[in-house]
*Asks:* 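First the structure, then my questions, so here it is.
Within every chain, numbering begins at 1; the chains are lettered A, B, ... in the order of the sequence lines, protein sequences first and strands thereafter. Both backbone and side-chain heavy atoms feed into the values below; hydrogens, waters and symmetry mates do not.
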Amino acid sequence: MSDISDAAVPAVDRPHDSRASRTSARRTARFGGGLRGPEGIMGWLFVSPLVLILGLFLVIPIAMALWVSLTNWNGSANPFGGGQGAEFVGIKNYSDLFFKDGLTRANFMQSISNTFWYVIAVVPLQTVISLALALLVNAKFLKARSFFRTAFYFPSVTSSIAISTVFLFLFGGGVINGFLKLIGVTGPNWFNDDRGLVHLLFNAVGVDNPSWGKAEIFGRSLWDWLSGPSVAMSVIIILVVWTTSGTFMLMFIASLQDLPVEVDEAAALDGTTNRQRLRYVTIPMIKPTIFLVLTLGLIGTWQVFDQIYVMGGGNPNGTTLSPAYLSYKQSFANFKYGSGAAMAFVVFAIIIVLTSVQRWVLTDKDDRKPLFGRRRKGASA
Amino acid sequence: MTKNASPLRRFLTYGALVLFAVVFLYPFFIQIATSFKSDADAANSAISLIPNPFSGQAWSTLFGGGSKSVAFPTWLKNSVVIALIVTVARVFFDSLAGYALSRLRFKGRGFVFAALLAVMAVPGVALLIPKFLMVNYLGIYDTYTAMILPLIVDAAGVFIMKQFFDSVPVSIEEAARMDGASIFRTFWSVVLPMARPALITLTILSFQGSWNEFSHFLVVTKGTPEHQTLVTGLASLTSGQLGAGTQYPLKLTAALLTTIPVAVLFFSLQRYFIRGANEGGVKG
């Protein structure tokens, strides 16, 4: 709201840039003046940097990459020449990912499996924790509110690489295991442990690679698909939940502060418990924000890259590979750019499909809203 | 209203908050402590918050240029130069485009805005190879141009500025225009001064974004120190490409120095950060 009041004191007569006024006089003369006269030209002039840069480094390159994903470009020839090292191969790069037995498919399917478990863990955790933090910080009687809000949000603004470095030390340098030792637990060798958490659960009840797990889906056995995130991947899960919760907490705080107080008061007068108010009043009213957080979470998690790059690059045993990282490695380390580009487009498709499905599932029929349609106000207080 | 919460409820709320605060802040404190530890101390008493003995070795290695493989001063210079150029350019170009999309009537405006929204929906992971291809095609691979030029406009920033201008009444600008001020003059001397809060938010988001940028620099340069920033340099140090061994104090000090500028900005301009987070700026 302070935007508007600041805006009410304009500095109309700031005496700078006399050059602009001179050229404008010329321009007005040329276009014959008129309040809306040169808007056509000026409009395009104003958006030209946007159109040029995004066209040159985003739109056209995507088209180029789509073409490269249909070739076997090796990085040295001209990718668009069609000659040796850049031959057109049709959809081979895509079909190989799914149907051709080999290392590429095995790696790709493992990366999909890893990331599937990663998403299953991160999205609910970050949503629940950020909502819990928002509710706590929003408690009416709370003092030092801004201290807590700052503490929770700070990790979100730091570099993902710097934070990954810190977590490498926490888990790999003995800090976490040092604390576990204090309570008499021997911590695992986090970054070298490729055991899947769901496998460990199965093992605990005496099941280990049973005969029903031998069936293969896209060349990967059912048992392997069911591994769950590896111990090493769990560190990345913890890291990402820890860094993203602050941002989502702010979104929840903003929407909690938008709630009309009367409804909550009326519910309180009706003798409801806190738990009932949360379940039947608060949660339904902030549903659009929950939806937004889930969607942003889903989009973000499928792209996990920076953390993987720093924390072992797929090790141990490929259990921290993500398709984004694999696509990078396939292109820039193995020089199979066509295959790498195809992987990137498959991830792109997965994200679009999942967010559409989620949108369809989570929205009431009579309550469909565009994803960014609701204007959120800045958090105050 | 629920000011009269029960003592038990207060106790539990504060207890939970303090516990969370420790979990969120402890890593930063241990990071600072470890940057003043010796390698042996960092390995033997990892959880201690007090360095024993106190050692400035990690800091002198970074700034003294003693270790050849860690070109820290070069990384720092690149980070500062690139973040400054990108921030200034972004704030200017984003507000120009946001203003035009909000206020100026020109043919194709609807199309440009629709394209902007479509572009914002493209996940960044799908852009690594495309960016490399274009940079390669233009012959600017492994140059500052390739590092900076693609970043000088960003779709989300234009969107934020457009939203802001949409929320400001048009009457003051119209008065200026009636008085004969040109479109650019009106934009520069009347509109921009009014847009200060949004400009500060955009400045912060741009600086934070370009300072923390990683994958873009990774794919458009060879990764030699000449074109490394603090973030890409730190990544190569941490992922072990520089043969640095464990050396946690060194790595954590480099990470700390990467964090400090954004942290200073964050603690001094917090409310603008928070506004930024709520206007759709979200970390990937």
Side-chain angles (χ1 to χ4, degrees), chain A residues 3 6-7 10-12 14 17 20-21 24 27 35 39-40 42-44 46-47 49-50 53-54 57-58 61-62 64-65 136 139-141 148 151-152 157-159 161-162 165-166 169 173-175 178 247 250 254 265 296 300 303 306 310 324 328 331 340-341 344 347-348 351 376 378-379, chain B residues 1-3 5 13 16-17 21 24-25 27 31 46-47 93 96-97 100 104-106 112 119 123 125-126 128-131 133-134 150 153 158 168 172 177 182-185 188-190 193-194 197 208 212 214 231 234-235 238-239 248 251-252 255 258-259 262 266 274-275 277-278 282 284:
Chain A
D3 308 9
D6 283 1
V12 185
R14 287 211 174 161
D17 210 19
S21 71
S24 76
R27 203 180 296 127
L35 191 60
E39 278 191 20
M42 289 308 276
W44 275 105
F46 275 32
V47 296
L50 169 77
I53 295 295
L54 293 189
F57 292 106
L58 212 144
I62 290 181
M64 291 165 102
L136 286 170
K140 294 287 182 301
F141 57 83
F148 288 114
F152 302 153
V157 304
T158 58
S159 145
I161 303 294
T165 306
V166 175
F169 175 62
V175 177
T247 308
L250 289 184
E265 276 173 352
L296 290 175
Q303 303 187 56
D306 299 6
V310 175
Y328 166 80
S331 306
V347 182
F348 191 172
I351 291 174
R376 276 161 290 120
Chain B
M1 40 173 290
T2 37
K3 280 265 182 212
T13 305
L17 281 168
F24 276 80
L25 294 179
Q31 178 184 17
I47 62 176
F93 292 134
L96 265 185
L104 304 181
R105 290 177 210 160
F106 60 95
V112 173
V119 158
V125 51
L128 295 183
I129 297 166
K131 275 181 181 165
L133 289 172
M134 181 50 100
V153 184
V158 174
V168 173
I172 299 161
R177 295 288 302 285
S182 72
I183 293 174
F184 186 78
R185 169 85 195 183
W188 187 259
S189 314
V190 180
M194 294 194 308
Q208 184 204 1
N212 290 345
F214 174 62
V231 169
L234 175 65
T238 305
S239 61
Y248 283 118
K251 291 175 182 172
L252 289 176
T258 308
T259 310
V262 177
F266 174 69
I274 286 165
R275 191 203 309 269
N278 281 306
V282 72

*Asks:* Could you tell me which portion of Leu54(A) (side chain, backbone, both or neither) has an atom closer than 4.5 angstrom to a non-hydrogen atom of chain B?
*Replies:*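 Just its side chain gets close to chain B.
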*Asks:* To check you understand the geometry: which heavy-atom pair defines the closest contact between Ile129(B) and Ala341(A), and what is its length?
*Replies:* CD1-N, 3.4 Å
*Asks:* Show the nearest heavy-atom pair for residues Phe93(B) and Pro49(A), with the distance to one decimal.
*Replies:*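 In terms of heavy atoms, the two residues are closest at CD2-CG, 3.5 Å.
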*Asks:* Would you call the rings of Tyr248(B) and Phe169(A) parallel, tilted or perpendicular, where under 30° means parallel and over 60° means perpendicular?
*Replies:*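 The rings of Tyr248(B) and Phe169(A) sit tilted, inter-plane angle from 30° to 60°.
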*Asks:* What heavy-atom pair brings Pro61(A) and Met134(B) nearest, and what distance separates the two atoms?
*Replies:* CG-CB, 3.7 Å
*Asks:* What closest approach, in Å, do Arg105(B) and Glu39(A) show between heavy atoms, and which atom pair accounts for it?
*Replies:*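 Minimum heavy-atom contact is N-OE1, 2.7 Å.
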*Asks:* I'd like to know if the side chain of Asn212(B) and the backbone of Ala162(A) have a donor-acceptor N/O pair within less than 3.5 Å.
*Replies:*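 Checked: no pair found.
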*Asks:* Please state whether the side chain, the backbone, both or neither of Ile62(A) comes within less than 4.5 Å of a heavy atom of chain B.
*Replies:*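 For Ile62(A), heavy atoms of backbone and side chain both lie under 4.5 Å from chain B.
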*Asks:* Rounded to the nearest 0.5 Å, what's the gap from CZ on Phe214(B) to CD1 on Ile161(A)? Could you check?
*Replies:*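 Reported to 0.5 Å precision, the distance equals 4.0 Å.
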*Asks:* What residue in Leu252(B), Leu128(B), Val158(B) has the most heavy-atom pairs under 4.5 Å with chain A?
*Replies:*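 Ranked by heavy-atom pairs under 4.5 Å with chain A, first place is Leu252(B).
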*Asks:* Taking only residues two or more places apart in sequence, or in another chain, which ones meet Phe148(A) in a ring-ring contact (aromatic ring centres under 6.0 Å, His included)?
*Replies:* none
*Asks:* So, for Ala46(B) and Gly174(A), which heavy atoms are closest and what is the spacing to 0.1 Å?
*Replies:*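 Ala46(B) and Gly174(A) have their closest heavy atoms at CB-C, 3.9 Å.
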*Asks:* In terms of side-chain heavy atoms, does Thr238(B) have a donor or acceptor partner in Thr165(A) at a distance below 3.5 Å?
*Replies:*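 Yes - a donor-acceptor pair under 3.5 Å links their side chains.
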*Asks:* Heavy-atom distance under 4.5 Å to chain A: side chain of Thr258(B), backbone, both or neither?
*Replies:* side chain
*Asks:* When only pairs under 4.5 Å are counted, which of Ala139(A), Ala65(A), Ala344(A), Gly43(A) shares the most heavy-atom pairs with chain B?
*Replies:* Gly43(A)
*Asks:* Among the options Leu133(B), Thr259(B), Val262(B), pick out the one with the most heavy-atom pairs lying under 4.5 Å from chain A.
*Replies:* Leu133(B)
*Asks:* Closest heavy-atom contact between Ala100(B) and Val47(A)?
*Replies:*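 Smallest interatomic distance, heavy atoms only, reads CB-CG1, 3.8 Å.
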*Asks:* Would you give the length of the straight line joining atom CD1 of Ile183(B) to atom CZ of Phe46(A), rounded to the nearest 0.5 angstrom?
*Replies:* 6.5 Å
*Asks:* Please look at Val112(B) and chain A and tell me whether the side chain, the backbone, both or neither of the residue comes under 4.5 angstrom of a heavy atom of that chain.
*Replies:*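 When you check distances to chain A, only side chain atoms of Val112(B) fall under 4.5 Å.
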*Asks:* Tell me, please, which residues at least two apart from Phe57(A) pass ring-ring contact (aromatic ring centres under 6.0 Å, His included).
*Replies:*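 By the ring-ring contact (aromatic ring centres under 6.0 Å, His included) rule, Phe57(A) matches no residue at all.
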*Asks:* How long is the gap from CG on Leu96(B) to CE on Met42(A), to the nearest 0.5 Å?
*Replies:*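 Between Leu96(B) CG and Met42(A) CE, I get 8.5 Å after rounding to 0.5 Å.
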*Asks:* Measuring heavy-atom distances to chain B, does Ala324(A) have an atom under 4.5 Å in its side chain, in its backbone, in both, or in neither?
*Replies:* both
